[in-house]
**Student:** 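My structure is below; once you've seen it, I'll send some questions.
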Amino acid sequence: MAANKKLLILPGDGIGPEVMGQVQLVIDWMDKRRAVTFDVETGLVGGAAIDAEGSPLADATMEKASNADAVLLGAVGGPKWDELPFEQKPERGLLRLRKEMELYANLRPALVFDALVEASTLKPEVVKGLDIMIVRELTGGIYFGEPRGIEDLPDGQRRGINTQVYTTNEIRRVAAVAFELARKRGKRVTSCEKANVMESGVLWRQEVQKLHDESFQDVALSHMYADNAAMQLVRNPKQFDVIVTDNLFGDILSDEAAMLTGSLGMLPSASLGDPDKHGRRQALYEPVHGSAPDIAGQDLANPIASLLSFAMALRYTFDLAEDADLIEQAVQRVLAGGLRTADIMSPGAAKVSTVTMGQAILRQLDQMAA
């Protein structure tokens, strides 16, 4: 089969290379057992790129990312590079990828596996069966708005300024992603903002409603203030299907939803751009967890979030839902069998390493594909 699916793997720093190594094994397995072949390149990002190439993302790597069908990223950053100037820090590599690939829609699922219900700090009946998708606008809002900065005032005080700003197009394009996702899920979208106190929130609510009325009337739409949404996530999270919100509120709500599941080590994410004339979207897939430098190189990291990020790539970039389902089901079965990495360890379970967890998932894939 022709290798026409282009993947760029950027392992990054800390535990990134370890968890992405397990993803590479699953990619190899798919080539052999599923006749799904990928043209895979690897590159450097973050601190690894700083050490080898002098910048957190080389121009050549950026070009490869732009030409790939999907980018798989491990993690960036670590204390080794903490003292570098802001513009030279490892995280600037990730931000450059997001900016130049125009990845404006961040998809953050919050899924509770049955075997990990007890890992959540909420009552089992509240989180059992939880399956939420949060769609966060990623390239606009208060993190990018102008004017911004810190200024000195005549009376000797200082003032910090950030500007919350959105345009019609920025709102409608991320809302469209949410509606399209909802069509493949529970056909329900909750749009979150602060229209009661913010003009940008008023515009957000108006434009999401207009888009719904024009093109997505088959999807149920509700509006909710972001602070109420935060409360409802811990009160009754299963009321939600797809949540769409801005950059700031999405940052907060997606982290809150992540902790409903019990471990950041379990959660994948996707960042998507606009479709081109062929329907192809630029896309970056990465685990939610960080580089965890305290356990790097010790074969302790949980590879599941990276494997589930690859499953998201199969689903959303390559339209290979059946293969994505295989990986997700293999993970579910391994967890149900009682294997745990340290971050999700529970009484009575068997504590295993990164490599052992990856091998167990491969064995499940073999059994399911037989």
Side-chain angles (χ1 to χ4, degrees), residues 57 62 66 86-87 89 91-108 133-153 157-182 189-216 221-231 233 242-257 269-276 281-284 286:
L57 186 72
M62 185 67 243
S66 297
F86 181 74
E87 290 300 321
K89 287 183 179 292
E91 292 78 9
R92 303 305 295 180
L94 175 57
L95 293 176
R96 182 182 178 189
L97 285 166
R98 288 175 177 171
K99 180 178 180 180
E100 295 194 21
M101 295 171 70
E102 298 183 355
L103 306 175
Y104 63 83
N106 182 228
L107 279 55
R108 288 272 300 265
M133 178 68 78
I134 296 183
V135 181
R136 167 191 172 190
E137 200 289 322
L138 199 59
T139 59
I142 201 164
Y143 292 167
F144 295 92
E146 298 288 347
R148 62 185 297 150
I150 300 173
E151 63 182 17
D152 295 320
L153 299 178
Q157 296 188 74
R158 303 168 75 209
R159 178 165 58 189
I161 302 167
N162 291 91
T163 303
Q164 167 79 344
V165 56
Y166 271 106
T167 63
T168 297
N169 180 58
E170 288 175 319
I171 297 168
R172 288 173 67 95
R173 66 184 185 177
V174 74
V177 171
F179 285 128
E180 289 163 3
L181 282 170
V189 170
T190 304
S191 176
C192 299
E193 24 63 12
K194 285 288 288 179
N196 55 336
V197 292
M198 298 171 67
E199 285 79 4
S200 61
V202 173
L203 180 67
W204 184 283
R205 181 173 291 213
Q206 291 173 346
E207 293 300 334
V208 171
Q209 187 67 53
K210 283 181 185 177
L211 179 63
H212 170 269
D213 296 345
E214 293 166 6
S215 305
F216 296 98
L221 171 65
S222 59
H223 301 277
M224 186 177 288
Y225 296 142
D227 52 347
N228 184 32
M231 180 182 71
L233 275 172
V242 175
I243 295 173
V244 63
T245 189
D246 72 12
N247 206 341
L248 174 61
F249 297 137
D251 194 354
I252 296 167
L253 293 177
S254 61
D255 277 1
E256 181 187 11
S269 75
S271 299
L272 307 178
D274 263 332
D276 62 18
R281 292 181 183 269
Q282 297 251 283
L284 172 73
E286 59 179 319

**Student:** Which atoms form the tightest heavy-atom contact between Phe249 and Ala226, and what is the distance?
**Tutor:** CG-CB, 3.6 Å

**Student:** Quick one: does Arg92's side chain get under 4.5 Å of Leu95's, heavy atoms only?
**Tutor:** yes

**Student:** Are any non-hydrogen side-chain atoms of Leu97 and Met62 less than 4.5 angstrom apart?
**Tutor:** yes

**Student:** Would you sort out whether Arg173 and Glu102 count as a salt bridge (Lys or Arg N to Asp or Glu O under 4.0 Å), showing the intermediate values?
**Tutor:** CA-CA 12 Å; Arg173 66 184 185 177; Glu102 298 183 355; 5.4 Å; no

**Student:** Starting at CG of Leu107, measure out to OG of Ser271 and round the result to the nearest 0.5 Å.
**Tutor:**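 The OG atom of Ser271 is 8.0 Å from CG of Leu107, to the nearest 0.5 Å.
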
**Student:** Against Tyr143, only a single residue in Asn162, Asp246, Asp251 fulfils side-chain hydrogen bond (donor to acceptor under 3.5 Å, both in side chains); can you say which?
**Tutor:**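 Of the listed residues Asn162, Asp246, Asp251, the side-chain hydrogen bond (donor to acceptor under 3.5 Å, both in side chains) partner of Tyr143 is Asp251.
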
**Student:** Would you find a donor on one side and an acceptor on the other, under 3.5 Å apart, between the side chain of Thr245 and the backbone of Cys192?
**Tutor:** yes

**Student:** Can you give the donor-acceptor pairs under 3.5 Å from side chains of residues 197-208 to other protein atoms, not counting sequence neighbours?
**Tutor:**
{"from": "Trp204", "atom 1": "NE1", "to": "Ser191", "atom 2": "OG", "distance (Å)": "3.0"}
{"from": "Arg205", "atom 1": "NE", "to": "Glu193", "atom 2": "OE2", "distance (Å)": "2.7"}
{"from": "Arg205", "atom 1": "NH2", "to": "Glu193", "atom 2": "OE2", "distance (Å)": "3.1"}

**Student:** Could you report the tightest heavy-atom contact between Ala178 and Val244, atom names first, then the distance?
**Tutor:** CB-CB, 3.7 Å

**Student:** How long is the span from the CG atom in Leu211 to the OG1 atom in Thr168, to the nearest 0.5 Å?
**Tutor:** 11.0 Å

**Student:** Is it the case that the side chain of Arg281 and the backbone of Leu272 share a donor-acceptor pair, with hydrogens and angles ignored and the cut-off at 3.5 Å?
**Tutor:** no

**Student:** Taking all non-hydrogen atoms of both residues, which atom of Ala257 and which atom of Ile134 are closest, and how far apart?
**Tutor:** CB-CD1, 3.6 Å

**Student:** Please round to the nearest 0.5 Å and tell me the distance separating atom NE2 of His212 and atom CZ of Phe179.
**Tutor:**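 So the NE2 of His212 and the CZ of Phe179 are separated by 5.5 Å.
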
**Student:** Would Arg148 and Ile161 count as a side chain to side chain contact (heavy atoms under 4.5 Å, CB included) if you check the C-alpha gap in whole Å, the side-chain angles of each, and the deciding distance to 0.1 Å?
**Tutor:** CA-CA 5 Å; Arg148 62 185 297 150; Ile161 302 167; 5.5 Å; no

**Student:** Hey, could you give me the CD1/CE distance between Ile243 and Met224, rounded to the nearest 0.5 Å?
**Tutor:** 8.0 Å

**Student:** Are the side chain of Asn247 and the backbone of Leu138 linked by a donor-acceptor contact shorter than 3.5 Å?
**Tutor:**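 Yes, because the side chain of Asn247 sits within donor-acceptor range (under 3.5 Å) of the backbone of Leu138.
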
**Student:** Can you tell me how far CE of Met133 sits from OG of Ser254, rounded to the nearest 0.5 angstrom?
**Tutor:**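 Those atoms lie 12.0 Å apart.
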
**Student:** Determine yes or no for a side-chain-to-main-chain donor-acceptor pair under 3.5 angstrom, with Asn106 supplying the side chain and Ala270 the backbone.
**Tutor:**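 Checked: pair present.
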
**Student:** Would you give the length of the straight line joining atom CG of Leu233 to atom CD of Glu256, rounded to the nearest 0.5 angstrom?
**Tutor:** 4.5 Å

**Student:** Would you say the side-chain atoms of Arg96 pair up with the backbone N or O of Leu57, donor to acceptor, closer than 3.5 Å?
**Tutor:** yes

**Student:** Between Arg108 and Asp255, is there a side-chain heavy-atom distance shorter than 4.5 Å?
**Tutor:** yes

**Student:** Is the backbone of Thr139 close enough, under 3.5 Å, to the side chain of Glu137 for a donor and an acceptor to pair up by distance?
**Tutor:**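 It does hold such a pair.
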
**Student:** For side chain to side chain contact (heavy atoms under 4.5 Å, CB included), just list the numbers for Glu214 and Arg172, CA-CA rounded to whole Å, side-chain angles, deciding distance to a tenth of an Å, and then say yes or no.
**Tutor:** CA-CA 11 Å; Glu214 293 166 6; Arg172 288 173 67 95; 2.7 Å; yes

